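Input: a single structure, listed below in structure tokens.
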Amino acid sequence: MSRRLRDTARAYLFVSPWLISLAVFTAYPMLASFYFSLTRYTVIQPPAWIGLENFQVMFSKDELFWLAVWNTLYYTVASVPLQMLVALLLATLLNHSTRGIGFYRTAFYLPSLVPAVVTTLLWMLILDPRAGLANAALEALGLPKLGWMHSATWSKPSLILISLWVGVGQPMLIFLAGLKDTPQSLLEAATIDGSNRWQRYWRVVIPLLTPTIFFNLLITLIASFQVFTTAFIATATATGATAAGPLNSMLVYMVHLYRQGFRYSSMGYAAAMAGVLFLALVLLTLLVVRSSRGWVHYEGATPR
């Protein structure tokens with residue numbers, strides 16, 4: 001063998017564990033899911049080919065499917081901007097070299113390390129409509145008590161509140177890294193030109209932070225469409241296993257998918273739902289990437 005072929009063979013040998021893992025744990029499950037989406041499959045019995053029937057049932061006969069889509073969109077539209085805004089504000093506040101700043105950075109990041117089940121159960125106690133701390137605080141302020149998870153009106157805002165507590169830590173840390181990477185020379189030049197603190201932040205820091213905003217936006221969007229643990233645990237705790245919250249108000253997409261696959265043994269239908277979610281996330285990602293050309297600015301890049 002020539003030296004070039006030997007080097008190529010060694011390279012493939014070193015990357016073979018990753019290639020095998022990709023094929024076994026990613027490529028094969030995706031292909032299998034696509035096949036099962038075209039079958040009636042209950043795990044116990046062999047899959048039976050039915051073509052596009054699962055998709056026809058999904059879009060025209062399953063009323064809970066559209067309710068799950070609406071609940072997920074509601075959650076995404078409300079939670080993603082809130083998480084991004086709060087994460088950016090916290091990162092800005094923590095971007096100072098003051099005494100004890102390391103403690104505060106750790107404290108704000110810690111909730112993202114707590115298991116989602118533990119966090120949800122903790123917040124279920126806080127949001128308990130009869131003896132929870134949230135209603136006790138509202139009562140102390142002279143405000144009416146809320147039903148929280150036990151109310152069809154406030155169940156989705158409750159999920160958004162929990163997601164804000166859990167999901168802010170990671171984007172906050174990434175924003176903080178982006179702020180630390182801001183060139184001080186540009187801020188000093190803006191100061192010499194007479195700009196105030198707000199102008200420096202809005203005209204210098206934010207444009208330089210747009211790549212970080214773009215990354216956090218993509219990650220948070222994808223995660224919001226796949227919200228599951230919080231809604232699933234809160235559903236079982238608040239209303240039992242018969243409904244996903246009051247009037248199915250917490251029936252998000254992944255909970256509906258889980259129920260179809262593991263409660264009703266409709267694995268083929270669940271695979272079809274997974275395929276629709278995958279395509280929706282791909283289209284959404286492409287849309288965000290396409291829009292980034294107009295608002296994401298890279299330092300040193302040539303303007304388009």
Side-chain angles (χ1 to χ4, degrees), residues 12-13 15-76 115-117 120-121 155 159 218-219 221-287:
Y12 278 110
L13 179 64
V15 300
S16 60
W18 178 82
L19 291 175
I20 294 172
S21 174
L22 178 67
V24 174
F25 297 108
T26 302
Y28 171 73
M30 290 181 65
L31 294 175
S33 178
F34 174 73
Y35 168 71
F36 290 141
S37 69
L38 303 174
T39 65
R40 182 179 292 109
Y41 182 42
T42 62
V43 179
I44 300 175
Q45 298 177 345
W49 183 268
I50 58 173
L52 298 176
E53 182 177 327
N54 284 326
F55 297 94
Q56 294 174 354
V57 171
M58 186 189 311
F59 294 122
S60 61
K61 298 181 180 180
D62 185 2
E63 296 180 358
L64 290 180
F65 169 78
W66 292 110
L67 178 60
V69 170
W70 160 249
N71 289 337
T72 306
L73 289 176
Y74 182 105
Y75 174 86
T76 299
V117 174
T120 304
L121 293 177
S155 56
L159 287 180
L218 273 182
I219 298 301
L221 269 177
I222 294 173
S224 68
F225 272 88
Q226 300 180 73
V227 59
F228 171 75
T229 305
T230 302
F232 182 74
I233 298 298
T235 292
T237 305
T239 58
T242 57
L247 302 178
N248 282 314
S249 56
M250 289 189 287
L251 184 68
V252 292
Y253 196 93
M254 290 301 297
V255 171
H256 189 44
L257 189 155
Y258 171 86
R259 291 187 169 191
Q260 292 296 325
F262 294 96
R263 177 177 297 180
Y264 307 123
S265 298
S266 299
M267 284 295 179
Y269 187 78
M273 288 188 64
V276 171
L277 178 62
F278 174 75
L279 290 177
L281 288 177
V282 169
L283 292 176
L284 181 63
T285 302
L286 291 176
L287 180 64

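Note that these values count all heavy atoms, side chains included, but never hydrogens, waters or copies made by symmetry. The shown structure was predicted, so the numbers you read here are calculated from the model rather than taken from an experiment.
Take Ser249 and apply the side chain to side chain donor-acceptor pair (under 3.5 Å) test, not counting sequence neighbours, and it matches Ser155. With sequence neighbours left out, the ring-ring contact (aromatic ring centres under 6.0 Å, His included) criterion links Phe278 to no other residue. Judged as a side chain to side chain donor-acceptor pair (under 3.5 Å), and not counting sequence neighbours, the contacts of Glu53 are Arg40. Partners of Phe262 under the side chain to side chain contact (heavy atoms under 4.5 Å, CB included) rule, at least two apart in sequence or in another chain, are Tyr258, Met267. Contacts of Tyr12 classified as side chain to side chain contact (heavy atoms under 4.5 Å, CB included), with partners at least two apart in sequence or in another chain: Thr8, Val15, Leu19. Applying the side chain to side chain donor-acceptor pair (under 3.5 Å) rule to Asn71 yields the partners Lys156; only residues at least two apart in sequence or on another chain are considered. Scored by the side chain to side chain donor-acceptor pair (under 3.5 Å) test, Thr120 finds no partners at all (sequence neighbours excluded). In this view, Tyr75 satisfies the ring-ring contact (aromatic ring centres under 6.0 Å, His included) rule with no residue, not counting sequence neighbours. Ser266 meets the side chain to side chain contact (heavy atoms under 4.5 Å, CB included) test with Gln260, Tyr264, Tyr269; sequence neighbours excluded. Applying the side chain to side chain contact (heavy atoms under 4.5 Å, CB included) criterion to Ile219, with sequence neighbours excluded, gives Phe215.
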Donor-acceptor pairs under 3.5 Å, side chain of residues 28-36 to any protein atom, not counting sequence neighbours: which ones?
none

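Between the side chain of Trp49 and the backbone N or O of Leu38, no donor-acceptor pair lies under 3.5 Å.
For residues 17-32, no pair satisfies salt bridge (Lys or Arg N to Asp or Glu O under 4.0 Å), with sequence neighbours left out.
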